[in-house]
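The structure appears right after this line, and notes come after that.
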Amino acid sequence: MTTTTTTTRYTAHGSGLSFRGLLVSEWIKLTSLRSTVWCYVIMSTLNIGLGVLLAISFQQRPDATALLDQGYWVQSATIAIAFSQLVVSVLGALVITGEYGTGMIRSTLTAVPKRLSALFSKAMVFGVVTFAVSLASIITAAFLAQLILNSRGLNIDLADGRAWSALTGGAVFLTLAGLIALFLGTIVRNSAGGISAALGLIIVAPIVVQIFAAVTRASWAQNVLEFLPSSAGTRMYGYVATPAPNIPDVVVVDPAQGLLVMIAWVLFFGIIASLLLKRRDA
Amino acid sequence: MIEATGLTKRYGSKTAVDNVTFSVKPGQVTGFLGPNGAGKSTTMRLAVGLDRPSGGTITINGRRYADLKAPLREVGVLLDAKAVHTGRSAINHLRALAATHSIGRARVDEVIALAGLESVARKRVGGFSLGMGQRLGIAAALLGDPATLILDEPVNGLDPEGVIWVRNLARFLASEGRTVFLSSHLMSEMAQTADHIIVLGRGRIIADAPVNEILALATGTAVLVRTPDAERFGALLAAPDITIAHREPHLLQVTGLSAAMIGELAASNCVVLHELSPQSGSLEDAYLALTKDEVEYHAGEVAR
């Protein structure tokens with residue numbers, strides 16, 4: 001046969017799949033969409049804008065202590081997280097559901113037929129960028145708030161290690177909240193569904209559990225609430241001036257435990273998303 | 001070389017691909033022909049691992065697609081032109097795909113030029129026409145300079161110039177020794193592009209043969225005869241194994257007689273002919289004849 005001699009010329013040549021290549025690919029994908037840029041701009045504006053607003057509206061209290069002042073400062077820089085977590089969840093879901101909605105996922109999965117490395121590289125790039133943007137905007141808010149508060153006669157201690165871990169905790173929380181949304185999006189494969197699921201977990205679930213806890217006065221319901229992402233998050237970026245009262249049977253997690261709770265949520269949805277992505281027809 | 005063995009795909013109770021075995025050889029264009037819903041796209045999706053077979057295997061150069069070390073460099077795929085994020089520009093789409101295999105920027109620019117997309121490369125894909133989307137999909141398939149090309153309905157939505165471009169491209173790629181597997185429901189297009197044709201109907205292979213053999217399956221060869229004396233000449237030609245159809249008042253379609261014999265009969269009977277043209281059996285006819293049998297076969301099965 002004449003064809004067999006010519007085919008030997010066309011064996012695969014050049015570089016193959018690599019995880020580094022996948023990271024570059026996901027970086028190009030993330031940064032080449034307007035929705036990404038807009039979400040990060042909105043998140044930064046919220047973090048900085050609300051922080052400055054809260055610092056400006058500072059009222060000197062008669063019972064003020066240095067610790068309370070430090071608490072007010074950290075609160076100024078992290079107050080916007082309650083809102084920016086919604087933005088980051090929407091973006092996290094869109095990063096993957098945008099591919100399902102447009103059909104891009106078929107291009108992605110034919111380029112990366114093993115699939116899981118495509119999801120992991122996407123999560124990694126999204127996580128790192130989100131952490132960088134969150135941290136930068138929270139720290140900017142903290143510096144501006146410190147300038148404003150000091151001009152009002154306070155003496156904010158920038159060397160307060162606990163304050164810095166709360167600020168970093170806020171950025172880590174936003175990142176993990178975004179990852180939960182990304183994995184929920186992978187499970188649901190639909191933008192509206194993914195965003196709804198993520199916001200449901202962040203906004204609706206705590207309200208439902210809270211109502212249930214209030215009606216039944218059950219301590220376990222109180223404890224469930226403590227382990228939902230939004231509550232675990234507030235522990236991560238909270239700067240507690242006075243320790244919480246010790247109520248029997250009611251668990252209060254500390255910042256480190258809050259981080260572990262969030263990681264557990266990410267892993268939970270991450271594992272389900274991975275199994276489904278691997279198994280399902282795309 | 002693409003090889004399917006006993007390939008089967010069921011979605012619930014519906015069998016989209018039913019125990020299909022075939023091979024697609026390098027160095028030629030293999031057409032994958034069949035009506036909509038015949039299972040062509042499903043077979044192609046199975047080939048590149050987007051769907052998981054319910055039974056059987058499909059391999060590319062002896063390996064499952066998912067086991068390839070550099071899939072984009074071995075196989076170029078166009079499954080549908082819409083496998084692109086609409087918010088991204090064409091160039092960024094190609095850059096993102098190329099990056100997975102560390103394919104350089106130079107190659108991205110090369111395929112953009114090859115597909116004639118230079119003027120729209122920086123525009124968002126959402127505004128692309130079907131034809132431009134199709135060109136982008138083909139550009140993406142060519143990124144890795146692959147030895148095997150799997151193109152699902154590549155001429156869909158292309159203008160005549162684009163259709164010729166795809167035809168020449170497919171023939172050129174095959175002439176270089178690559179495996180080119182393309183599907184279409186346009187039989188006439190296949191007749192001009194493919195060397196070998198696999199006809200699929202209702203998830204099963206109806207025919208798998210070189211294009212001229214498929215053409216030869218067309219039942220009989222018709223001759224068009226135009227004459228002002230159609231009525232009389234028609235009656236003259238009439239015989240048991242000859243079919244005569246009055247297409248227009250002065251036009252007959254004769255099957256069962258060669259053009260030469262009709263000409264001689266006309267001369268000996270003093271009939272004036274304005275036109276005498278043999279119609280070679282079209283792939284279209286062959287295809288319709290083939291799929292008709294398939295439908296009848298299924299109807300019989302149901303009636304049992």
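Chain identifiers are assigned alphabetically (A, B, ...) following the order of the sequence lines, protein sequences preceding nucleic acid strands; residue numbering begins at 1 within each chain. Computed from heavy atoms alone, side chains included, the values below leave out hydrogens, waters and symmetry copies.
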If you tally heavy-atom pairs under 4.5 Å against chain A, which of [options] wins?
options	value
B/R45, B/R95, B/R124	B/R124
B/D51, B/V77, B/T86	B/D51
B/K69, B/K82, B/R88	B/R88
B/L97, B/I103, B/V125, B/T148	B/L97
B/G137, B/A96, B/A140	B/A96

Is a side-chain donor-acceptor pair under 3.5 Å present for [Y] with [X]?
X	Y	value
A/R115	A/S274	no
A/S84	A/N47	yes
B/S41	B/D152	yes
A/T110	B/Y65	no

Engaged part of B/L50 at the chain A interface, taking heavy atoms whose separation is under 4.5 Å: both

Using heavy-atom distances under 4.5 Å, tell me whether B/R64 contacts chain A through its side chain, its backbone, both, or neither. neither

Side chain to side chain donor-acceptor pair (under 3.5 Å), paired with A/E99, selected from A/R189, A/R106, A/K122: A/K122

Who among A/S35, A/A118, A/S121, A/G21 has the most heavy-atom pairs with chain B under 4.5 Å? A/G21

Among A/V24, A/L33, A/L22, residue most engaged with chain B (heavy-atom pairs, under 4.5 Å): A/L33

Using the ring centroid of each side chain, check whether A/F131 and A/F173 are separated by less than 6.0 Å. no

Could you check whether atom CZ of A/F19 has more than 12 heavy atoms from other residues, nucleotides or ligands sitting under 6.0 Å from it? yes

